[in-house]
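One structure is given here, and the rest of the page talks about it.
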Protein chains: 2
Amino acid sequence: MSEPNDMTGQPKRVPSGHAHHRCDQCDVRHKAMCAAVDVADNDRLAAIVSHRDVAPGQVIFEEGETADYAYNISSGEVRLYKLLPDGRRQITGFLASGDFLGLVSDDAYAYGAEAITPVELCCMRLTNLERLIADIPPVREKLLDMSHDELAAAQEQMLLLGRKTAREKLLSFLLVRHDHADPQPEDGTVHLPMSRTDIADYLGLTIETVSRTFTALRDEGLIELPDTHTVRFPDIEAVRDAAEAW
Amino acid sequence: MSEPNDMTGQPKRVPSGHAHHRCDQCDVRHKAMCAAVDVADNDRLAAIVSHRDVAPGQVIFEEGETADYAYNISSGEVRLYKLLPDGRRQITGFLASGDFLGLVSDDAYAYGAEAITPVELCCMRLTNLERLIADIPPVREKLLDMSHDELAAAQEQMLLLGRKTAREKLLSFLLVRHDHADPQPEDGTVHLPMSRTDIADYLGLTIETVSRTFTALRDEGLIELPDTHTVRFPDIEAVRDAAEAW
DNA sequence: TCGGCTCATTGATGTGCCTCAAGTTTTGCG
DNA sequence: CGCAAAACTTGAGGCACATCAATGAGCCGA
């Protein structure tokens with residue numbers, strides 16, 4: 001469990017090196033897999049994976065595309081989305097380092113994926129991954145657990161989309177971001193790398209409503225907005241009360 | 001693959017016996033597991049499962065309850081839902097025979113489940129099921145595939161909830177019911193065992209809007225409403241066009 | 001430093017769906 | 001059958017959020 005902070009002078013590609021995952025060109029050891037794979041297996045894993053960098057705004061894969069690869073995020077933030085023929089977009093989730101994407105039963109991706117920030121991916125062919133799942137029990141447990149967690153998150157999001165007001169949606173979103181932030185940041189600070197448009201498409205709102213709701217919450221004193229991509233909670237308990245659903 | 005239609009005089013508890021699953025007190029052989037389990041394993045499965053009947057409207061389990069059992073539906077229809085503290089409800093899915101429910105990574109159910117029609121369940125302790133997953137590869141593949149399918153369905157539902165109009169929501173719902181109907185019924189008939197309230201809570205609408213939208217679609221000639229729980233498509237292609245998203 | 005771009009905010013107005021309130025039909029049960 | 005409760009439909013009016021439009025703030029290349 002205790003991973004030594006590595007001493008090797010690593011090229012500083014990973015912005016702020018977290019303890020668990022380094023995939024520098026691609027000596028695996030991702031957070032998600034770290035718990036699952038022992039040292040011997042790590043070599044086997046490293047033989048399978050390759051590396052890919054994606055610039056902000058760039059497509060990782062598109063909905064409907066033939067699914068060859070699954071990815072584990074080494075660093076950066078990703079949005080998943082689905083589109084309607086007329087261009088309406090629903091973002092179905094934001095993923096960060098340690099998360100998997102591209103796992104499907106069908107042979108086509110069920111959603112599109114794009115980089116929000118610069119993203120580093122650890123790639124593996126689905127066929128190889130399936131062999132790994134079959135051979136290494138902890139890996140499949142991890143993946144099965146993760147898909148259950150994803151499903152629970154999806155259901156929570158359905159509740160949000162179907163039954164919450166704009167204000168509740170935004171507060172829930174901020175609280176989830178806060179509580180699930182990767183390296184739990186000091187005090188009540190939440191970082192939002194994505195644009196207002198992304199937030200709107202995630203919450204089933206328009207950018208104007210998102211913007212107005214931010215302003216309203218600021219005017220009420222529930223949040224502070226040091227800059228567009230940062231939110232701070234002066235009193236997080238008050239925020240939880242206001243969100244009601246928790 | 002070819003299951004003999006069984007000759008044993010079975011008590012006619014299962015309403016309209018489908019070929020694949022019979023769980024009569026509980027000689028398993030469910031549709032979902034049928035493909036996964038061979039004859040030898042079927043005995044082992046039968047040793048684990050027990051049987052449970054649930055009347056319409058009754059709770060199967062509640063959100064937050066400690067998750068001891070997973071269930072496979074032998075017959076009947078089930079609704080899954082989440083609640084807000086003030087009573088607002090979001091139905092996250094309808095399940096029918098062959099579907100699993102109660103699979104969680106956490107030790108508590110992430111949602112509640114209630115019977116819509118009379119329901120027959122095939123129950124198994126989660127601890128036992130986990131052993132089965134570990135021992136019988138086809139079972140875990142089946143379950144992993146199914147959870148990927150569920151996730152895809154959840155994402156489709158997020159798109160519906162966040163970005164579709166009431167009319168599009170209802171049409172999408174009817175088309176999915178039509179296309180996924182268990183024994184594909186002749187012509188364009190869709191059976192809706194659930195109430196208008198259930199439909200509303202599934203689509204993120206009110207019962208009044210659901211009712212009005214049904215009426216509007218009928219007046220347009222897109223659907224017929226022989227009775228409250230039945231919809232027919234005179235011209236299903238026209239319906240697909242109207243739904244746009246497909 | 002400027003001009004042009006993208007992104008966010010703010011305002012005025014519109015509308016799709018919700019809320020409230022009757023009716024009507026269906027269901028369950030003595 | 002007959003009554004009551006539940007479920008569904010229909011109507012009138014209101015509101016939360018969308019739409020349309022203008023302004024302001026940050027960013028970057030020339």
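Reminder, nothing fancy here: chain letters follow the sequence lines and each chain counts from 1.
- At whole-Å resolution of the value, CG in A:D219 and P in C:dT9 are 12 Å apart.
- Classification of B:R167 and B:E220 as a salt-bridged pair holds, one side-chain N sitting under 4.0 Å from a carboxylate O.
- Taking 4.5 Å as the limit, some side-chain heavy atom of B:L203 sits within range of a side-chain heavy atom of B:L170.
- For the pair B:D198 and B:R89, the salt-bridge criterion is met [side-chain N within less than 4.0 Å of a carboxylate O].
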Contact string for nucleotides 11-29 of chain D, one letter per nucleotide 5' to 3', B = base within protein heavy-atom range under 4.0 Å, S = sugar-phosphate only, - = neither, reads BB----SSBBB--------

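- Rounded to an integer number of Å, the gap from CZ of A:R218 to P of C:dA8 is 15 Å.
- Between A:R240 and A:D179, at least one side-chain nitrogen of the basic residue sits less than 4.0 Å from a carboxylate oxygen of the acidic one, meeting the salt-bridge criterion.
- Regarding B:F214, its CZ atom lies at a distance of 8 Å from the P atom of D:dT9, rounded to whole Å.
- One can place CG of B:L217 at 15 Å from C1' of D:dT9, the figure rounded to the nearest angstrom.
- Identified under the ring pair (Phe, Tyr, Trp, His ring centres under 6.0 Å) test for residues 215-237 of chain A, with sequence neighbours left out: A:H178-A:F233.
- No salt bridge links A:R88 with A:D201; every basic N to acidic carboxylate O contact stays at or beyond 4.0 Å.
- Residues B:R218 and B:E224 are not paired through a salt bridge, judged by the lack of any N-O separation under 4.0 Å between the basic side chain and the carboxylate.
- Residue B:K169 contributes atom NZ, which lies 9 Å from atom C1' of C:dC17 at whole-angstrom precision.
- Residue B:I207 contributes atom CD1, which lies 13 Å from atom P of C:dC20 at whole-angstrom precision.
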Just the atom pairs and distances: protein N or O near nucleotides 22-30 of chain C's N or O, under 3.5 Å.
none

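- Rotation axes derived from the C1' atoms of the five outermost pairs at either end of the helix from C:dT1-D:dA30 to C:dG30-D:dC1 lie 40° apart, to the nearest 10°.
- Remark: B:R196 qualifies as a cation-pi partner of B:F214 under the 6.0 Å distance and 45° angle criteria applied to the six-membered ring.
- For the pair B:L80 and B:I91, the minimum side-chain heavy-atom distance is 4.5 Å or more.
- Checking A:Y81 against A:E114 by side-chain atom types alone, a donor-acceptor pair falls below 3.5 Å.
- With sequence neighbours excluded, the residues satisfying salt bridge (Lys or Arg N to Asp or Glu O under 4.0 Å) with B:R177 are B:E77.
- Contacts between residues 188-197 of chain B and DNA chain D, defined by a heavy-atom separation below 4.0 Å, involve B:S195, B:R196, listed by number.
- In this structure, B:M158 CE and B:L161 CG are separated by 9.0 Å, a value rounded to the nearest 0.5 Å.
- Expressed to the nearest 0.5 Å, how far CZ of B:F61 lies from OH of B:Y69 amounts to 13.5 Å.
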